[in-house]
Every structure is written in structure tokens, then in C-alpha cells.
Amino acid sequence: MSESLPIVEMAGISISFPGVKALDEVGLRLFPGEVHTLMGENGAGKSTLIKALTGVYRIDEGEIRISGEPRLLGGTADAQHAGISTVYQEVNLCSNLTIGENVMLGHEVRGAAGINWRATHRAAGETLEKLGLGHLNPKQALATLPLAVQQLVAISRSMVAQCKVLILDEPTSSLDANEVEQLFTVIRSLRDQGVAILFVSHFLDQVYAISDRLTVLRNGRFEGEYRTHELDRAQLISKMIGKDVDALKSLDAKGARRVRSDAAPLYSAKGIGRKGAIEEIDIDLHRGEVVGLAGLLGSGRTELARLIYGADRPDTGEVTMNDEKAEITSPAKALARRIAFSSENRRDEGIIRDLSVRENLILAVQARRGWARPLPRREQDAIVEKYVSALGVRPADPERPIRLLSGGNQQKVLLGRWLATEPDILILDEPTRGIDIGAKAEIQEYVAGLADDGLSVLFISSEIEEVVRQSDRIVVLKDHRKIAELEGGQGVSAESIVNVIAEDGLGDPSADTAVREEVTT
Amino acid sequence: MSAKQRLAQVVGIATVGALSLGLTACSGDESGGDDLTTIGFVAVGPEGAWREANETNIQDTFTEEAGYELKYAPATNLDQKSQIDAFTSFVDEGVDVILLSATEATGWEDSLKRAQEAEIPVILLDRGIEPDDTDLYVTRIAPDNIEVSTAVADWAVSAFPDGANYFVLEGPAGVSVVNERNEGFDAVAGAQPSLVKVGAQTANWSTEEAKGVVETVLKSNGNDIQFIFAQNDEMGLGAVQAVQEAGLTPGVDVKIATIDGTKNALTALAAGELSFVAEYNPLFGETALDVVEKVLAGDEVESSIVVPSATFDSPEAAETALPDRKF
Amino acid sequence: MSANAHGPFEALKGLVRRQYFWGIVAIALLLLVNLAKDPGYLAVSVGSSGNLVGNVIDILRAAAPIILISVGMCLVVATRGIDLSVGSVMVVAGAVSMEFLKGAPDTVGSGLAAIGLVVVVSAALGAVNGMLVSVVGLQPFISTLVIMLAGRGLAKVITGGQNTTATNEMFRWTANGHVLGLPAVFLLALLLAVAMGLLVRRSALGLMLEALGMDAKAARLAGVNRRALLFTVYILSGVLAGFAGVFATASVMTVDVSRTGYQLELDAILAVVIGGTSLAGGKFNITGAVIGAILIATLDKTVVFLGVSSSATPAFKAVVIVALCLLQSERVRRAFRKRRSAVAVRPAEREKVAA
Ligand SMILES: Nc1ncnc2c1ncn2[C@@H]1O[C@H](COP(=O)(O)OP(=O)(O)OP(=O)(O)O)[C@@H](O)[C@H]1O
Ligand SMILES: [Mg+2]
């Protein structure tokens, strides 16, 4: 890295929203050929700073220089013209268009007679190839893809145009290790071509793996700019949260395994499946137990969770709860049986943007009661107070529309919505997506505490380590079927799970349907 | 603005819907082939008692016993498109004669030309067309609106020797009947300086709307209206109610004259609520039958045949007529 | 921003920010125009029977049926639906009640029975809409269009194509009677609208409808029972339209099968939009819908009062409504504002990411 002139230089940037000073004299410098990570807690102002740069938000004070020239951009499209490509935090595609159309939107290949769709789709295919998405058919509808793949498609789109600056706001929040690696390869190659890259992530491993330079924000204020190698993790965390890191120790400590009672399972599914989503599967959930679902992207984890919750209707199989047959064919029925499901897709299946934090929090509780029995305001306030403080939602203003919260804070409200239903079974699909490391530890501890008290948790995460750390038992999925069920414990590690996945299908072909592999020590 | 797009869509789709219903209404059974003369009747459909009497009378005249198969195609919600549609399919089907009561006067040239090319004679019933090109149809059978409304005006002139302020309740704007009734009335009343027209508004032939209009018109003129000319009975009856609500006595403070002569109107006339009813005779099935037979036999017919109509100017006259009133 | 200013001025500012504020302004302007023609326009006097008489009273009376269908429409629109059948439900209600009353004795009992019958029939029609939308899964536009077309046909079948007339004092009273000098029909409509408002805001119905209208997918996953809610709103809309039909026919005690309620669905949609409820669903405003309905009645009455000629009437109405929509539009308002407030922001999600 040569210390050349910064291509983007922001200085003294301030932005206020009604009631919040989101940015207070913040600076940022991006250099060509460098990966720069923006760090900070949820609500620190990272996304706001990015939107200030692209001109989505007007700045109240400060100066932005691009290639040395003072300049104010007028929005995403304008930024694109100026060579700044942006992928915002929430996947922002048109789900009713095809993959190819999404990737090429605004860059369609034109022929004599208007848009040449054939060529456009071919170009889209080439772009996708770079991110290892060559197997996707550009003519497929976007909506059919899992969220993580949609995220990759959004990133592909930002790379269609030649750009000098590429901004990725939490691009990896729902990706697993392989895809992250693939993405990093692309980022590195762009960096080597001299592109300046701004990257936001709450995963410290990734930050250290990819970035050359860091800017840390705290509470809307500039904390400092550092060379990544100058700062170790503990220092970085303390810069972010402004205090020492002891609180985070528990992240790494493996909690004591819960002892499962021999009582009959709370929930037991025999052969549930749905065509095209997941093959017939057996799964039991016990009180006071955390079951993890492990598997690669597209292995059917989310599909299984949705089936259990009734978000999709199972075609086959039987479910018993507390030894009686249960028909769970809709979310409302699942909720009535005290099953809760927090979807990975916060934007489309989670928050209701225009409702307030309070309304979003109580929505599921209220839906279960039915509209005729409104939750008294007193109880609503009690729920709001409890979860806003337990989960650290900031700002703690329950009447604010949820769309005005930062991504991580929206996620906390969603978790609160499900916890407020006081479920017996809690299905968490990427529950800590976009949540900063401090809050993540607290939330994991909170959920673990509930499990100790008898809650049954089904946990999905693309971070296999996290699954291993959290779970008492792990169900491994591959290609839409269950390939193993592992009791958590000393013998199970991320590696052993990856091995199980890798070996499946290689070995004895007779043993490959729903083998129950008990790895215990 | 999306609201307006949506509205435009509403109107568009509603029309398409109405159209397709019209289609189903007339592309009915193809049964009666055996020597019966097929008559396609592009009708107005439910509109009020007058129309009901008229169309029933036609249907009762062209019966199978009389040697006819009548295909009755009423318009959907008085919509002209549904009529044009029904008309076209009668032409395509090749009926022997088409009877047409147009909901709207204009826009019939193309359809009538098609019928002409297919050599299907068209007879207009009641409603005329504009421009009135007599080459496009065989004849129009109707009571004469101009004559009828002139009768109302004549009565008004004699009923208000000292003059009066009057208001006209019109049918929907642009309909030929409305134009003709205005023409006949204005020719006489307009020439009489003592009769002062304070205004005219449409109430779309509807009792309810007429009541609302008259209610407001009375207020805007400080109740200084002595005469209301309602172009149909229904609106006249609405006017009666509005006049009563305003604390005035119909027939005394405000005299109301109507056209049509339905049973309801004659009852009101007998009760003194209406003051004058000019009949617009709907019962001309016999005349129509006569004309159809002549046309099929190749005889010449007049391009306009006027159906004679009566007038009722007193409660007594109404009472006499009521017992055998058919409509 | 001063936090503790809660005077009447603040209240006024709050009102100005409401979408329906412009509806109120439009009503005031129309009244002014009428006043210019006749300085006594707004005068309300006590009539011979002790009731209030005046143009304003007429407007309130004329607004009653529109208020009812607009409130129903407002709830349906909140779920991202539309109910095109309200006008046809009105005519069916009118047909049912007139046919029933034609053969019934002129007693309070039969008047009430007719209204009861209307409630049942209109709820049934609403339920058909609800079923087509929620169970069969047809688009609301198409489902209610079906009922809109079939309803008028049904009314014709019920009356045999006649415009049936009947007499019943009690039934007639609903549209022409007075309570404390005010038109009963307006008070009844207002009462029903307020009842709806309370039902929706005191229970969780409002929240559920908004959630459903804003984001059906997320609402479903949150356990919101879409089917039951849709049934509920379409039935409510049907019943309200049934009452509107009662009022419209009771006024003259005649049902006009081709005219009663004809195209009133368009008035209702307009009233809802003027009242600040977006056709895209979500947040809704019943007060706004009521104000929109009163505006439409004012407009209708103004046309007559000014003596606008019949052929110019549609254009006159269109001009007023377009002007109002323009005033309400954010973009136009912003263009008028000299300086945009520094905190105004556009949510990032609205932005097109592509160039
Ligand atoms: N449009 C807005 N209106 C009002 N407040 C806003 C708006 N956008 C952001 N904020 C507030 O500004 C602060 C910074 O939000 P921002 O989205 O930049 O956080 P972030 O650092 O990206 O957090 P996360 O890690 O959760 O994504 C938060 O308090 C948020 O509530
Ligand atoms: Mg963010």
C-alpha cells in the first residue's frame, strides 16, 4: 500500500434526524487500492455515513471531496456516475424481476432494436460467474433464491459498472464461510486493480482478514482511523464500545451442556417434508435444549425451519406435540402452540417498516390473541420496556417507526417480538444477523438463559462455530436432507461438521439416506 | 398519482366487464330456426316503469304464436358499448330484423352501416339517433317528444297567465330524448316572456337525485319557483317530495308537470301532487308489428311514425285513466 | 423544536400536517364560492316543524350514504384491497327493503325487519367478496368487480326490473327524520362511522389491518390471520354499504335499480384518497374518509347551487378533485415550499440503486 492521495475524503460530517444526532463531525478517508472497514456498534452511524457519502442523506455540516474536488452527490444513481458503487445494508433488489434483470438494471445491453435481452442475460451470467454464481440461471426469478444468494446478486450488480469506489454495507451478514471467501477473492482482485473498497461488518475475523485500514465510530462520533495491523482485537472492541472487553469473554466460553431430560420430546416430527424444499425428515425438540441446524448454503436449513413453523405447508409427515397430534399449517397455528420463528429475512419477512417499534414488538402477541382482545396499553408498555432494555434497542423510543432504526437495532426489536410471545419453542434463523459483537454476546446469553429455564431452541446460523458453541445437539443438513445428528460436546467442532458434510455421499452409498451418526465421547 | 391510475383502471375494466356481460346476454340460444322470423331487439333494459311497459309490450307482441322469435338484449347499466356489442352480434348472427332503442343518440353510424351491408333492416323504437341519417334505418317508431313537450309548455302557458319562474329537471346530458324534450318545451315556453327559466339540471331520470336537486334549487332561489318541468315521471315524483320537505305544497305553491304517464304519476296527479302529466305512449307493439310485416314484405314505410299520446291535466282525468293503466 | 408547546397553535399545526386538511380547505372554499353567489348560503334557520333548515344541512344529509361507504372502503383499502361493489350492494339493499316493505304493514316493526334483512343480505354479499379475496385468492379488484356487476343484476331480479316503491314511516324516517333538529340520517351515519372508528382503534383490528396492508408477508409470519381479517373487513364494508343503500332509498322510498348507488364506489374511493389513505394500503384514516365524503357531497350540491350546466358538471368536479390531489401531493407541496427543511430525508430504500 502506497500512501497516495485519498479518492474520497469526508471531513466534519454531521447529520441530525429529529431527536437523534446520527453523525457528529465524522471524518473518513478512502484510498485507492485499499480495503477500508467501518466499525462501530449498532446505531453508531455507519450506514448513515455511507448514505451521506452517496447523497441519499443531505449533510448538515462538513465537506466531502472526491478525487480532491469538493462535491455533493445527489443519490445512488449520481454516485454511480461518479464511480461509486454501493450495496446498502438491506438487500435492495426487485424480487419480481429475474436475476439477470436485477444484475443489469440500468446497464442493459442495447442493440439496434432496443434492449438485447439475450446479450444482457449473457453479460449478467459473466458478472455472476465472478462471484462464483456461475451455476445460477440469469432468467430465474430472483424471489426463488435464498437470502444469502440474493445478497450475492446485489453485490454482483454493484460490480457491473466500472467503479473507483465500492461500498459494501454488511455484505456478509448472511453468508457462510465459503461465500465469504469467494467474495473476498473478488474484493482483493478489485483492490489490486486500484479500487477503493469500503466495507462494514460485525465479524472481527473478516475484518482482520480483509481490511487494510479501519475507521471506528462510536455513538455517531469519530473514534479514530487505524491501520488494521496496528490494533488488536481487544483494543478494537474497546474503541468501539468505549469500555473494557471483559463483558465479551462469555462469547468464547462454551457454556455447560444442558442435560436433556428423558421426558418425551416437546415437539416431534416424523417424516415431514415438502417437495422442492426439504426431503422427509425426523426431528425432535426437547424442553431446555438448543438444537442447531448446520449445513451449507442451500442445504435446506431455512426450509426446515419454515416447515416446522407452518410458514410453508408440509406435504408429508406427522407432527406430535406433547404426545398429541398437531396440525401446524400456518404461522398463526404455530403461534397458538407457542412456537415462534424469527426469519433471517428481516426486510421482507420481519419488520413492518411503517409501524412503530412498539407495534412491531407486540405484533405477534397481539396476533395470537386475535384482534378482538386488544393488549391493554399497560401490558404493551411492559413488553416494550422489558425487551427494549433486555436487548439494548437504541434509541429507546418505542413510538419511532422501526424503519428509522439502524439495521442491528431492527433485528433486536424482531427478536423481542418473538421473545415477547413467551414461546415454548423458539426457532431462530440467523438471529444475530447485523447485531454488533457486544450485543450479540448479550443476546446469546439471554437466549441460553431461557433455554436453561426450559425453552426449546432451534438455532440456525451460517457461522458453524456459532452453531457449535450454542447447541446441545446439532442436526446436519445437506442437499435438502438430514445427513447426521450430532450430540454437542467436546468431540464436535466446526471442523468435524465440515468433514461430515464433505464425506457425505463419498463413502458407502448404501448408508447415505438419513444416516443417524452419533458422534459422542 | 397512483390513485388516479387506479381509477382509470376501474372505469376501464368496469366497461370491459359490462361489455362481456352484454355479450353473454345476447349470444343466447340458437334454437328457434323453424320458419320463425328472428328479431333482434337491442333494448335499454331496466330504466323505469315506462321502459318496462314499452319493452314488455314489444316482447308480448312478437311472440312465437305470431311467428316471431324475439331476441331481447337489454343494455348493461344503460351502457352504449354493451348495446353496440349486442347489435353487432345480431348482425353477425344474421337476424331478419333489428329493433333498436338506443341509450345514446350518437355513435351508431358504423353499426348501422354494417347492418345495411348485411341487408338487415333496422327499425328504431322510441329513441332516435344523431346525426339523423334516415338512409341508415327503415323507420323510427316513437311518440313525438317534441309534440309531447310542446303540450307541457302549452299547458304551462295557460296555467300561469301571470307568469312564473320555472326549473327543468333533465335526463342525462346528451341523450336525444332530453334534447328533443328541451326543444319542444323551449320553443313555446321560451317565447313567453312571463315564463322565466331559473335553471336546468340533470337528475339522471332518478327520483332520489331529483329530490336532492330540487331541494337545493329551491334554496338557491329562495323558494321563488312556481313551476317545475320534470322530463320524466320519476324525477317529478322526487320533486314532489323535495317541495314537501321544503314546507311548500306541490300543486299549490309549486306546480309540477311530468312526461311519461306512468301509474305512479297518475296516482300523484289524482292526489293533486302533480299538476300535469303528458303521456309518452309506450304501447306501440302493434304499430311495430305492422311495420315489420310491411318491411319483410318489401313495402315502403314512412321514415318516421308518430305514436299518438294523451295528456292529463286534472285529478279527474287521472282518476278516469288509472283503472286500466298498463304501466 | 420546543417540547412543551401544546397550545391551540400546536393543535392547528398538527391539523395542517394531516392529509385531510386540504379536504377541509376545499370544503371551505366551495362554501365560500356558494356564499359569493348568495350571501345567505350558510344561513341555517328553524323550519316550520322545528327542524334546522339550510344548505349546510342538505349537504350533511347528502353526505350520509357516502360517509358510510367511504368508511367501509377505507378499511378495505387499508388491507391493500378495494371494494368496487359498494354501489351495487346499496342497490341490492334498496331492492330487498323496498320489496319487503311493499307487502308489509306500515309499522316500526316491519321497518326494523327490513333493516335487519338488509344487514343480513349485505353481510352475505360482503362475505362473498371476502371469500373470493381470501379463500379463492382472486385479486380484490376482480372479486369485487364481479359482485359489482352481479349485484345490480341481482337487484333487478329482486324487483323484477321495476323501480319498486313502498311506504313505511319508520324506514322513511331514517333518511328524512330529525333528531334535535338535525337530520337523523347524518347523525346515524356519523354514529356508525364513530362506532367503526372505535371498533378499529379500541380493538387491535386497526393495527392488524395496517400490518396486513403494509407487508402481508411479514404480517403472516407474525401470526396475523389474513383470512379472518379479510372476511371481517369485506363484511363490514358490505354492511356499511347496506346501510348506505337503506338511506339512499329511504329518502324517496323508491329503489331505482339502475341508478341507486350507481358509480358511488368511485366517490367512495375518492373520499378515501382525499382523506389521506393511500391506495397502496397500510395506514388509514377514518376521519379523513368522512371528511372526503362530506367534500364530495359539498361538491355535488355546489354544482346544483351554482347551476353549472349538466354537461359541464363532470368537468367541474374533475377540476376540483385534480386540484385537490395536486395540493395533497408531497412533490407539489415541496415545490411550493421555499426551502426544504434540513432534516428532510428520503429513505434509502426508495432509491434506485442502479444508475
Ligand atoms: N432516516 C432516519 N431517521 C431518523 N433516525 C435515523 C434515520 N436513519 C438512521 N437513524 C438513526 O441514526 C443512528 C445511526 O444509524 P445507522 O443506521 O447509521 O447505524 P449503523 O451504524 O449502520 O448500525 P447497524 O450496525 O445496526 O447497521 C441510529 O440511531 C438510527 O436510529
Ligand atoms: Mg447499518
Side-chain angles (χ1 to χ4, degrees), chain B residues 1-7 9-11 13-14 17-18 20-21 44-49 51-52 55-56 74-78 170-174 178 198-217 219-222 234 237-238 241-242 245-247 264, chain C residues 34 37-38 40-41 47-49 53-55 58 61-62 82 84 141-142 145-146 148-149 152-153 156 159-163 165 176 248-249 251-254 256-260 262 265-266 269-270 273 278-280 300-301 303-314 322 325-326 329:
Chain B
M1 187 180 185
S2 80
K4 247 164 286 133
Q5 279 174 359
R6 196 92 164 250
L7 269 182
Q9 237 175 342
V10 174
V11 177
I13 295 196
S20 58
L21 274 204
V44 174
E47 188 194 47
R51 186 68 51 192
E52 174 80 12
E55 295 187 352
T56 315
T76 320
N77 291 330
L78 308 183
E170 299 177 340
V178 176
V198 298
Q201 275 282 327
T202 181
N204 291 310
W205 303 134
S206 144
T207 310
E208 185 197 343
E209 279 181 48
K211 184 183 173 191
V213 168
V214 173
E215 164 188 283
T216 303
V217 165
K219 292 211 174 69
S220 69
N221 290 282
E234 272 88 356
L237 295 169
Q241 300 199 30
E245 298 276 334
N264 285 341
Chain C
N34 286 318
K37 186 195 169 198
D38 176 359
Y41 182 77
S48 49
S49 44
V53 181
N55 286 301
D58 290 346
R61 196 181 305 124
I82 196 154
L84 297 182
F141 194 94
I142 298 302
L145 183 66
V146 169
M148 166 179 153
L149 295 170
R152 207 158 279 279
K156 285 170 187 168
T159 66
Q162 297 278 355
N163 291 339
T165 300
N176 299 304
T249 40
S251 158
V252 288
M253 290 308 283
T254 304
D256 188 329
V257 285
S258 53
R259 276 289 158 187
T260 301
Y262 184 57
E265 56 281 346
L266 299 183
I269 293 169
L270 272 176
V273 173
S278 154
L279 288 183
D300 283 341
K301 282 292 183 188
V303 165
V304 177
F305 194 82
L306 296 183
V308 177
S309 88
S310 301
S311 35
T313 301
V322 168
C325 291
L326 282 177
S329 136

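In this text, all values refer to a predicted model and were calculated from it rather than measured experimentally. Each chain gets a letter, A, B and so on, in the order its sequence line appears, and its residues count up from 1.
Contacts between B:Glu170 and chain C at a heavy-atom distance below 4.5 Å involve the side chain alone, from C-beta outward. C:Tyr41 does not touch chain B: none of its heavy atoms, backbone or side chain, sits under 4.5 Å away. The contact between C:Lys301 and chain B is made by backbone and side chain atoms together, counting heavy-atom distances below 4.5 Å. With a 4.5 Å cut-off on non-hydrogen atoms, B:Glu215 touches chain C through its backbone and its side chain both. Looking at C:Thr165, only its side chain comes within 4.5 Å of chain B, counting heavy atoms on both sides. The parts of C:Ala248 that come within reach of chain B are both its backbone and its side chain, each placing non-hydrogen atoms under 4.5 angstrom from that chain. Contacts of B:Asn264 with chain C are made by side-chain atoms alone, with heavy-atom separations under 4.5 Å and no backbone atom involved.
Side-chain contact between C:Val304 and B:Val217 is present, with heavy atoms from C-beta onward closer than 4.5 Å. Residues B:Gln201 and C:Ser309 have side chains not in contact (no heavy-atom distance under 4.5 Å, counting atoms from C-beta outward).
Taking C:Gln162 as the reference, nothing meets the side-chain hydrogen bond (donor to acceptor under 3.5 Å, both in side chains) condition, with sequence neighbours excluded.
Atoms CG and CZ, from B:Asn221 and C:Phe305 in turn, are 8.0 Å apart once rounded to the nearest 0.5 Å. Put simply, CG on C:Asn163 and OG1 on B:Thr207 are 7.0 Å apart, with the number rounded to the nearest 0.5 Å. Between B:Ser220 atom OG and C:Asn55 atom CG the span is 7.5 Å, to the nearest 0.5 Å. Within the model, atoms CD of B:Glu209 and CG of C:Asp256 stand 8.5 Å from one another, a figure rounded to the nearest 0.5 Å. Rounding to the nearest 0.5 Å gives a distance of 7.5 Å between OG1 of C:Thr249 and CD of B:Glu208.
If you tally non-hydrogen atom pairs under 4.5 Å between each of B:Lys219, B:Lys211, B:Glu52 and chain C, the highest count goes to B:Lys219. The choice from C:Thr313, C:Val308, C:Asn34, C:Thr159 that makes the most heavy-atom pairs within less than 4.5 Å of chain B is C:Val308.
B:Glu234 has no carboxylate O lying under 4.0 Å from a charged side-chain N of C:Arg259, or vice versa, which leaves the two without a salt bridge.
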